[in-house]
Amino acid sequence: NAGVTQTPKFRVLKTGQSMTLLCAQDMNHEYMYWYRQDPGMGLRLIHYSVGEGTTAKGEVPDGYNVSRLKKQNFLLGLESAAPSQTSVYFCASSFPQGLAGYNEQFFGPGTRLTVL
Amino acid sequence: AQSVTQPDIHITVSEGASLELRCNYSYGATPYLFWYVQSPGQGLQLLLKYFSGDTLVQGIKGFEAEFKRSQSSFNLRKPSVHCRDAAEYFCAVGAQSSNYQLIWGAGTKVIIKP
């Protein structure tokens with residue numbers, strides 16, 4: 001099993017350009033998440049999905065869109081990149097446990113994005 | 001507002017010494033608690049989790065954590081660290097009212113002196 005994979009690993013964009021980050025998991029997990037990680041700020045949730053065809057906003061959704069057309073894939077889009085979106089982006093997936101739905105999240109290796 | 005605090009941004013310990021990382025949370029409901037480790041250039045890996053039951057939780061890599069409800073804390077410990085324990089450690093908390101979202105601490109970077 002590959003676990004959670006992310007494509008690409010690195011990317012440099014110019015302000016105003018668009019791009020899509022791809023996350024794929026082969027663990028049949030229901031939940032998937034997109035985070036950004038900035039120094040001193042921990043992880044901040046951008047969007048998440050609790051199942052195929054469903055998405056929801058997290059803590060910092062502005063400037064991003066997501067889609068989950070297939071259970072195993074979760075795409076993060078930047079329509080018009082800004083320097084403030086320079087960050088490391090992590091995808092994670094999990095299988096809900098119990099009524100509250102929490103369980104271990106499995107993380108991908110990250111995508112380092114620089115917006116000039 | 002719900003929050004997670006890791007008071008120490010950096011901790012430096014000598015190889016072979018003990019390590020304790022602090023995590024405090026603010027939630028009204030019973031929390032779900034996690035500790036993750038991030039090695040340089042890597043994604044995050046779960047060390048241990050607490051959902052209920054015994055408040056002393058054993059994890060991987062020789063780590064343990066203790067949930068103290070009265071102190072709203074979930075501190076991570078290791079009796080004797082190795083150079084490979086140099087990494088950043090994150091505490092995360094979920095609550096039933098949070099709708100599947102974890103709230104993350106800012107992380108503590110652990111530096112190991114040879």
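Below, chain A is the first sequence line, B the second, and so on; all start at residue 1.
Under the 4.5 Å side-chain heavy-atom criterion for ILVMFWY residues, no single connected hydrophobic cluster contains both A/Ile46 and B/Tyr36. Cluster membership for B/Phe74 and B/Val93, using ILVMFWY side-chain heavy atoms within less than 4.5 angstrom, is shared.
For the atom pair A/Ser94 OG and B/Leu102 CG, the distance stands at 8.0 Å (nearest 0.5 Å). Between atom CD of residue A/Glu59 and atom CD1 of residue B/Ile103 there is a gap of 6.5 Å, rounded to the nearest 0.5 Å. Atom CZ of A/Phe90 is separated from atom CD of B/Gln38 by 4.5 Å, given to the nearest 0.5 angstrom. The distance from atom CD of B/Gln45 to atom CZ of A/Phe106, rounded to the nearest 0.5 Å, is 9.5 Å.
In this structure, A/Gln105 and B/Trp104 approach most closely via the heavy-atom pair OE1-CZ2, 4.3 Å.
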> Are B/Phe90 and A/Gln37 close enough, and set up right, to give a side chain to side chain contact (heavy atoms under 4.5 Å, CB included), and what steps lead you there?
Replying inline: CA-CA 12 Å; B/Phe90 292 92; A/Gln37 184 179 37; 3.2 Å; yes
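Heavy-atom contacts from other residues, nucleotides or ligands closer than 6.0 Å to CD of B/Glu15 number more than 12. Applying the 6.0 Å contact sphere to NZ of A/Lys71 captures more than 12 heavy atoms from other residues, nucleotides or ligands. With a 6.0 Å radius and a threshold of 12 heavy atoms from other residues, nucleotides or ligands, A/Arg44 has its CZ atom above the threshold. Within 6.0 Å of the CD1 atom in B/Ile9, the count of heavy atoms belonging to other residues, nucleotides or ligands does not exceed 12.
Side-chain contact between B/Leu44 and A/Leu43 is present, with at least one heavy-atom pair separated by less than 4.5 Å.
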